[in-house]
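Notes follow the structure.
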Amino acid sequence: MSRISTIPFGPQHPSFLEPLHLKLNLEEERVVSVELSQGYNHRGMEYAMEKDWKRDAFLSERVCGICSFHHGTTYCQTIEAIAGLQVPERALIIRTIMLELQRITSHTLTLGHIAEAVGYENLFMQFFREREEFMRLANLISGNRVHYSMNWPGGVRRDISPETAKELENKLDEMLPKLQMLDGVVRKDSTWLKRTKGIGVLTKEQATTWAVVGPVARASGIPYDVRLSGNAGYHLEGIRFEPVWREEGDCWARAMVRMDETLQSVDLIRQCLGQLRDGPLVAQFKGHPNGEGFSRNEAPRGELMYWIRAKGESKLDRVKIRTPAFVNIPPLAEMLPGCEFPDVPVIVVSVDPCVCCTDR
Amino acid sequence: MLRSTFKNLFSHPNTKRYPSVPADLPQGNRGRVEWDMKKCIWCMLCQKNCPTGAIKTDKAGKTQSVVRNRCITCGRCVEVCPTQTIFMRQQYSKPAMEPEIHIYGAEMMQWEYRVENLPILNHKKKV
Amino acid sequence: MGDLTLYALAVFLTLTAPLAVGLLMGVDRKLTARMQNRVGPPLLQPFYDLFKLLGKERRLINPSQAYFALGYLLLEGTSLVVLAAQGDLLVVFFLSGAGSLFLVLGAFSARSPFSQMGAQRELLQILAYEPVFFLIIVSIGIQEHSFISRDMSQNLIVTLPLSLIALVAVLVIKLQKSPYDIAHAHTELVSGPLVEYSGPYLATVELARWAEIAVVFGILTLFWNDPEPVAALLGKMVLVFAALFTTLVIDNVTARLTRRRMVTFTLSFGIALVAANIIWNLYLGQGVGI
Amino acid sequence: MQRARSKVPCIDKLNLSAPPLPPLGIMELGGWLLLSLIIVPMIGGAACLGLGRVLRLKAGVIVTSSLTILLGLLLFGYMTWNGLASISMTAAEVAPFSEVMLVADFALMLVFLYSGYKERSALVVLFALAQLIPLTWFEFVLSGDLQEPVIMVDFLGVMMALITSIIGSIICIYAIKYMEHDAHQPRFFAVMLLFLGVMNGAVFSNDLLWFLVFWETTTVCSYLLIRHEGTADAIRSGLRALTYTLGGGVALVFAIILLYHYSGTTLLSQLPLGNAISGLALVPIGLFALAAFTKSAQLPFQKWLLGAMVAPTPVSALLHSSTMVNLGVYLLLRLSPSFSPIPELQYAVGLVGGVSFLATSVLAIGQSSSKKVLAYSTIGNLGLIVLCAAIGTKEAIYAGMLLLLFHAISKALLFMAVGVVKHETGSEDIEPMDGLRDKMPFVTFALFVGVITLLLPPFGMFASKWMISEISANYPLFAFLLAIGFGASVVYYGKWLGRTFSAGPMRARKSAIDQPLSSYFKWTLLALMAGAVGLSFLISQVVAYLIVPYLGPLHIDVLFVSGALGMFPMFALLVVIVVSLTALALLSGSGKAEITDAYTGGEPFVFANSGAYFFSEKTAGKAIILINAIAVLLLISLFLFPAMQEVGLWAI
Amino acid sequence: MKSPWILHFDTGSCNGCDLEIWALLTPKYDVERFGMVNKANPKHADILLITGPVTKKCEERLRKLYEQTPEPKLVIACGDCASTGAPFMDCYNHNHGVNNVIPVDVFVPGCACRPEAIIDAVIIGINKWKEKAEAMETNVSHEDKIMPDDSPRSDQ
Ligand code: SF4
Ligand code: SF4
Ligand code: SF4
Ligand code: SF4
Ligand code: SF4
Ligand code: SF4
Ligand code: SF4
Ligand code: SF4
């Protein structure tokens, strides 16, 4: 007689922020198979984005509230690609600062989220406490906490004033030791390691087969980072970084990659602040884009791509968004079977399947 | 972790005790848009550019209205307004029992608001 | 003390102990918050919760849930009565264990995934802490030559230090603290056995849980005895706070571990501690022989 | 007939003062009661075999069962009324039967030989021969004394007889419905009823040779009942049971012969006290214990009882609660004064019991068949009784007797409830019992009563568990075995019971109620439920009338919770709980509550759950091998110590 | 009411408001000061914090969660999209606000709504809670049935 229990996870569940439904077939507490169902979050955004390309600078941010700026930036980059716009250097730098700032808030969120999933409430609180500091910085620079609404095809709409830059720099100096303390915990804490090390392993082969991106790929031994080849400000002079990657491919490695990238982002923002020189903020552009364009960026969860076909009017012909979570979610079907039930939220959260951008 | 736990225990909590202390709104916070009605030239640019259709410019009735629950504080209207009629306040708009529409009239001293049957609420039928 | 005073004391203790635990839970939440650098709820928050729940609508999946909840409360209450009347510790233990079984049955009686999952884990917790708890009581019995709590006279904290440590391990599970808050694991099972309880029934279960914890704390207080009543009371209180504080610190510096680890660790660690203590007292130390 | 008063070893040891002699004449009635308790079920059984037609068979079973119950009660009433501690009959009085017994003995051996031959089981043939040859020799050596009390019953015997006669008879009545469609009804009921008589015979026998005959007859009966269904599985299990218990029989034969050799007696009442013998004289005691272990399916002999689960459920109920397995622990309780004063034997026997309790409790967690769970639980509880017998103090025997009594009632109830489920749904697995409360509320309630009376305070079983725990403070080693066992038994019963109670929203329940329960099932279940709960209420009476007459007054009284406020009776707690539960339920009016769905994260979801078993069959298999090895070592030590003592290697 | 327990459900939001709700639980805002705890279970919840414009697929789920929450209960629509669906106004697959599916008690503006605004909303809601609790006492059914699918709100 079969000893299979079927347990629902989501769409509303304490460890998932977003509506995602996992139907877990468990034998005892071991996952036998999993059925993933999505689409709870499908609003029809790509269609809505066809309505008016100017509005999309704001609408594209609403694809996702965690890496909104990455979406906005990638959208603008695509339009810029279509229209052949040259973005001023200052705008590039500001974009990069904001991208990295958002990466920090996103990574600390994910790390806190994993901590919550393993039942380490205190660690969760600590991550979110530090995250709030960065949220405040973003608020200070852009005026908003979540959707910065700073982008515009051709550049940015808000400047970083010298005072703000100073404050940002001071704050980063203040935050670095705190982040390093958390880094120590993520690296060494024994109960945390027990719950994350060796859990949910995605081997390099599997990672290649499933073509995962972002920290998930980098934790499985694939040092793939679009920032190296992307078109945001990372190629500018004076900005240097090496992609962070690890071999293990387990939950701990994914957490560790994010932790290291957080520290790296702090460093990158500092580099950018050093490169912040006077100049125009936005390249002026009249008329409507016409033609096809493609652009990508390294969002906190990996490679984000926009492809747009415009037809020289305010309406766009087609907008296609390929989000990182779109490729990162499917491997769950291979990672979850065989694991223990309590590890399910940990694995799922460590992959960080954002539904809102996948469903759009 | 043990060390930081004890440190936390004996240090002052990180909490900002809102509402006992005012909200922590940084300089340049995009709170809510408001109109300084004396300057408006009724060019309708704000209504046209608002990405969410929050603004309704009534040229005949000489009023500007904004649905607070539609505005995403993108600041686009502030940007496009040729006369700087629109400006952004630091204070965010407050929650209420119904979605609020704030109406600014040329003759009014201050904005006043009334709650209206939002057209968007019946939007569903159109789709 | 006269009979009447004793009766009054027993009744008083039975009624106030769960309330005291409620207060302790408030302290617990406050301290946890402070350890997490937060302000935390008011001290009386557990009571606010309780009263709010009492005022809510009654909802059930089926009536047996309510009966089991009541059974849980009554058994834990009876257990507390026996303890307050300074009765037999084994009876206290068995009654309290029966109460936990009723909680499990109540959780099982709702056909709900998380509730049943939680019930199974609750059983596992019982498997983990019950033997240790039992042995702690046996070790007290061996030491004092009696299981009647009235007869306790020594400072057990001196003679049974290892049992005391084992009791903290039991307390971690009973207080639903990580690393062993397996059954109520919020991020996995929402709230485990309690998922399907709501409103007044949840309040009942919560009250029963306070009584259950009161029993553990009650037994904890037996570890401190002093002929001087004031000193005894003070010592007992310090003991309770120290134990609570220890569990809180443990809670805040650990992640939740898995069920297998819980069973193997608690059983082996707890039993080994108690066994070491008994062996030391009976055979190795200058302790009392039987 | 002549009156006689026996010496009960325990009573001797515990210095019980002798009650006054009853007036002449009354004893005769007692003797007849004893004999009829043995013979009536047998005649009833024989009659059943003759009665072909179903209707008359039914009547026959009911009449015999009722008569047996009546006789059992009469015996108890008779002894209590007259204040007798025991009744006995000498060999001279029962002389006509002696020849019958002798014939029966050899007939049995031949039956065994034949079965062994037919089933191609060398082991059975070997065991049969190993009994036949020494016994034949022994019959020549033995010189019987006609004044020996061959039949004797004291209150331990009375309690056993009550269990057998009342619970056994109820099971037989229950079986009428259960075996309704069976092809071999007459044979089945004949053996069932015979079993009752034989069981009574065994507990009444004082002469070990008589005891042996009855003992071996129970083996035959159980063999026949287990293989009743005739499937390959049934035959295999039957043969296994036969092999194991027959092996125990060999031990018993040698035990009797050696006992006669070393102590010069074949009477149970004259078993030597432990502190009076040493060296090889202890070997027969060890052999008795070995025999008892096989009968009570203690480790490492548990396998036959688990296999016996293929038998129809009434058979399981009978074997587990009122006959067969009880015989083993009965023997150990009688034997207790002979080995408990010797620490080595005490620990060896006690550990077998304790390890059995621990191991079966843990193993039961991994079982998905309800009957297997019950079987493990039986072995575990018998293990507790063995532990009590090993400890051997007055309190321990007291606890053991209480345990025996209450376990029999609750276990019969549980088996019968499971039987009803099997009868109605065709399955006895735990998983399909999910939501049983919707389909069979009454049976679920019976299961619930069975489990809580077996497990929880303040019911009868609890009193004895409590007592064992109290005693275990003097035996810390045993306390460790108990600790995990208690925890584990809560787990396996909890998850089973939980499964039956699992129910969806009440509003979906309308159509689910089954056809009404057969009255045979209903009333037998009800009777046992009433018994389990009622006797828990009346536990002080049970102690006063059944146990104190055997053991004498006790120093400690576990029926009362004592505290600073003095004592308050345990069952008062029960009353308080029941009353306040109903009162509160009425007050709060759970009927008013709105019925909702289960929480499934908002998703419309069909929820399937299966229980947790925590370890796989494979792990369990490995564990069993290990545990059996430990048990075998313990058994060896039973004989090793006396042998070493004999040659002077060990001082006891 | 000093112990509002919350349930948060994302019905198609962009995560922006969801994270602001989470931020509420963390040290900086720490709503446990008011006894607010994220119970994430409708059976325990008093306040439903709903984000997102309620996509078609989430509609039924939201209704179910709402039904499972025992009275008295409050619904707070967090963010612009939960209030009016505005940020996604041209998307085809949603209901343009929570109040088109279940009755909403408090609307929080902002995209994303600030944590402070949610605290304000809870404070407003608690006043309404008292009314509801009283209504429940006197057995006057107060919005206890879910509105029919397509009925416009007429009580504006
Ligand atoms: S297009 Fe795809 S996602 Fe959309 S409804 Fe059809 S099958 Fe479903
Ligand atoms: S392109 Fe076709 S499928 Fe897609 S939204 Fe338009 S009509 Fe629907
Ligand atoms: S969507 Fe892109 S990645 Fe996927 S198959 Fe098409 S081209 Fe390849
Ligand atoms: S690649 Fe496209 S067609 Fe294939 S499964 Fe995915 S969505 Fe469907
Ligand atoms: S993966 Fe998608 S939802 Fe997640 S943060 Fe990135 S864009 Fe947002
Ligand atoms: S700030 Fe943006 S959303 Fe708000 S009214 Fe202005 S343009 Fe519209
Ligand atoms: S854009 Fe400015 S000037 Fe034009 S209508 Fe709007 S408020 Fe008036
Ligand atoms: S209101 Fe804005 S930030 Fe909030 S969920 Fe909706 S789109 Fe996201």
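Just so it is clear: chains get the letters A, B, ... in the order the sequence lines come, proteins before strands, and each one is counted from 1.
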If contact means a heavy atom pair closer than 4.5 Å, which residues of residues 18-30 of chain C contact chain E?
C:R29
Please collect all ring pair (Phe, Tyr, Trp, His ring centres under 6.0 Å) contacts where either partner lies in residues 14-65 of chain C, sequence neighbours excluded, each pair once.
C:F47-C:W210
Heavy-atom distances under 4.5 Å only: say whether C:L53 touches chain E with side chain, backbone, both or neither.
side chain
Could you check C:V195 against E:H44 for side-chain contact (heavy atoms from CB on, under 4.5 Å), going step by step and ending with a plain yes or no?
CA-CA 8 Å; C:V195 174; E:H44 297 187; 5.5 Å; no
Among E:L25, E:D30, E:T26, whose side chain to side chain contact (heavy atoms under 4.5 Å, CB included) with C:R38 holds?
E:D30
Do the non-hydrogen side-chain atoms of E:P72 and C:K56 ever get within less than 4.5 Å of each other?
yes
Just verifying a value: how many Å separate E:K39 NZ and C:S198 OG, rounded to the nearest 0.5 Å?
12.5 Å
Proximal component of C:Q45, with respect to chain E [non-hydrogen, under 4.5 Å]
side chain
How long is the span from the NZ atom in E:K28 to the CG atom in C:N37, to the nearest 0.5 Å?
13.0 Å
Okay, E:V37 and chain C: the region with an atom under 4.5 Å from a heavy atom over there is side chain
Within 45° cone of E:W5 ring axis and under 6.0 Å: C:K52 NZ or CZ
yes
